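Comments concern the structure below.
No experiment lies behind these values; they were computed from the predicted model shown.
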Amino acid sequence: KNTIIRRAKQIIGVNFKERGNLQISRGIKWKLDNDNDLEWAIKFILENKIGLLVLDTLSKSHAKDENSASEMTVIYERMFDLTEKTGATIFFLHHHRKFIKGEKASMASARGSTAIIDNVASHLLLESSPKHKEEKNGQMVKVTEMIISQKKMREEDDMETMKIKIWIDPQDNRTKW
């Protein structure tokens, strides 16, 4: 286990910090569209029994043109190959384009080709409201409301929209929700 982590650090610049079953990768440099990188990722996922791979962000995980449907389809084929060979689930973050005044976030507002959203099994949309002040534990604090809604689900029932209020507690300077 330590050998592959050391090799990852040396060869492709991955820096892992282990936290129990969770491995956090910062500065990942491997690309889904590179055969050697994909082979390395499959081996690493299998050897470390990783069940969930989070790509932050999708655009950083490949060198293709995200506006090209054919090139994004290649990326999806690579992700499907990775999931079939490892059993891991891929969760990727993807940004929306800049909005026109008054426009709301939707599946259609995702950056790049429509193939990005068309090929996913599930699409969760994360939005935040403007900060506002609320009383928490007797003190006024700035609160952001995060809204998570499911816009697409291929195989299961849709989940209900979730709203999460997040703030910094002035007593201990910790994030609360």
Side-chain angles (χ1 to χ4, degrees), residues 8 12-16 21-130 144-166 177:
I12 58 175
V14 179
N15 182 15
F16 287 96
N21 290 346
L22 177 65
Q23 291 197 16
I24 299 171
S25 170
R26 292 195 173 91
I28 195 159
K29 295 180 181 177
W30 63 272
K31 302 288 185 193
L32 286 164
D33 50 332
N34 178 294
D35 290 339
N36 292 331
D37 289 355
L38 186 61
E39 280 182 43
W40 174 86
I42 290 168
K43 182 179 176 185
F44 185 84
I45 289 166
L46 290 170
E47 286 182 4
N48 291 279
K49 299 179 177 106
I50 295 171
L52 175 65
L53 174 65
V54 179
L55 301 175
D56 181 8
T57 61
L58 176 64
S59 64
K60 299 273 189 221
S61 68
H62 63 85
K64 299 288 186 191
D65 177 5
E66 74 176 8
N67 293 308
S68 167
S70 61
E71 290 191 25
M72 290 314 301
T73 299
V74 168
I75 296 304
Y76 275 99
E77 289 168 357
R78 305 295 285 221
M79 284 194 264
F80 291 137
D81 188 40
L82 189 144
T83 59
E84 283 183 8
K85 289 180 178 175
T86 65
T89 298
I90 298 175
F91 184 98
F92 67 81
L93 307 178
H94 185 63
H95 294 283
H96 286 262
R97 59 179 160 69
K98 292 184 180 180
F99 296 120
I100 301 168
K101 190 173 183 175
E103 182 181 16
K104 294 264 187 195
S106 69
M107 285 178 32
S109 64
R111 267 182 21 179
S113 168
T114 57
I116 294 170
I117 299 301
D118 291 347
N119 285 304
V120 298
S122 178
H123 177 234
L124 300 177
L125 182 64
L126 176 64
E127 301 173 88
S128 63
S129 66
T144 298
E145 188 173 74
M146 302 302 291
I147 302 157
I148 304 169
S149 57
Q150 185 176 40
K151 300 301 181 186
K152 177 181 179 180
M153 185 62 166
R154 189 172 295 150
E155 296 179 15
E156 300 288 329
D157 294 334
D158 289 347
M159 69 176 215
E160 292 184 32
T161 297
M162 293 187 290
K163 293 183 180 183
I164 303 166
K165 291 184 178 188
I166 303 170
W177 52 279

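Interatomic distance, NZ of Lys43 versus CG of Asn48, reported as 11.0 Å (0.5 Å rounding). Distance check: Met146 CE to Lys163 NZ gives 13.0 Å after rounding to the nearest 0.5 Å. To the nearest 0.5 Å, atom CD1 of residue Ile116 and atom CD of residue Glu66 are 5.0 Å apart. Note: Asp65 CG to Asn67 CG = 5.0 Å, rounded to the nearest 0.5 Å. Here OG of Ser59 is found 10.0 Å from CG of Leu93. Values are rounded to the nearest 0.5 Å.
With a 4.5 Å cut-off on side-chain heavy atoms, Phe92 and Met79 count as touching. Taking 4.5 Å as the limit, every side-chain heavy atom of Asp37 sits out of range of all side-chain heavy atoms of Leu32. In this structure, the side chains of Leu58 and Ser61 come closer than 4.5 Å at one or more pairs of heavy atoms. Considering only heavy atoms from C-beta on, Thr83 stays 4.5 Å or farther from Thr89 through its side chain. For the pair Asp35 and Arg78, the minimum side-chain heavy-atom distance is below 4.5 Å.
Counting only distance, with no hydrogens or angles, the side chain of Asp33 and the backbone of His62 share no donor-acceptor pair below 3.5 Å. Proximity of a side-chain donor or acceptor of Lys31 to a complementary backbone N or O of Lys60 within less than 3.5 Å is detected.
Classified by interplanar angle (parallel below 30°, tilted 30° to 60°, perpendicular above 60°), the ring pair Trp40/Trp30 is tilted.
Annotation for Ala88 and Ile45: closest pair CB-CG2, 4.0 Å, computed over non-hydrogen atoms. Summarising the geometry of Ser129 relative to Thr144, their closest heavy-atom pair is O-CG2, 3.7 Å, with the distance given to 0.1 Å. Residue Ser113 comes nearest to Ser68 through the heavy atom pair CB-C, 3.9 Å, listed as atom of the first residue, atom of the second, then distance. Taking all atoms of both residues into account, the shortest heavy-atom contact from Phe80 to Asn119 is CZ-O, 4.0 Å. Residue Ile50 comes nearest to Leu53 through the heavy atom pair CG2-N, 4.5 Å, listed as atom of the first residue, atom of the second, then distance. When all heavy atoms are compared, the tightest approach of Leu46 to Thr86 is CD2-CA, 3.7 Å.
Under the 4.0 Å criterion applied to side-chain N and carboxylate O atoms, Lys85 and Asp81 are assigned as salt-bridge partners.
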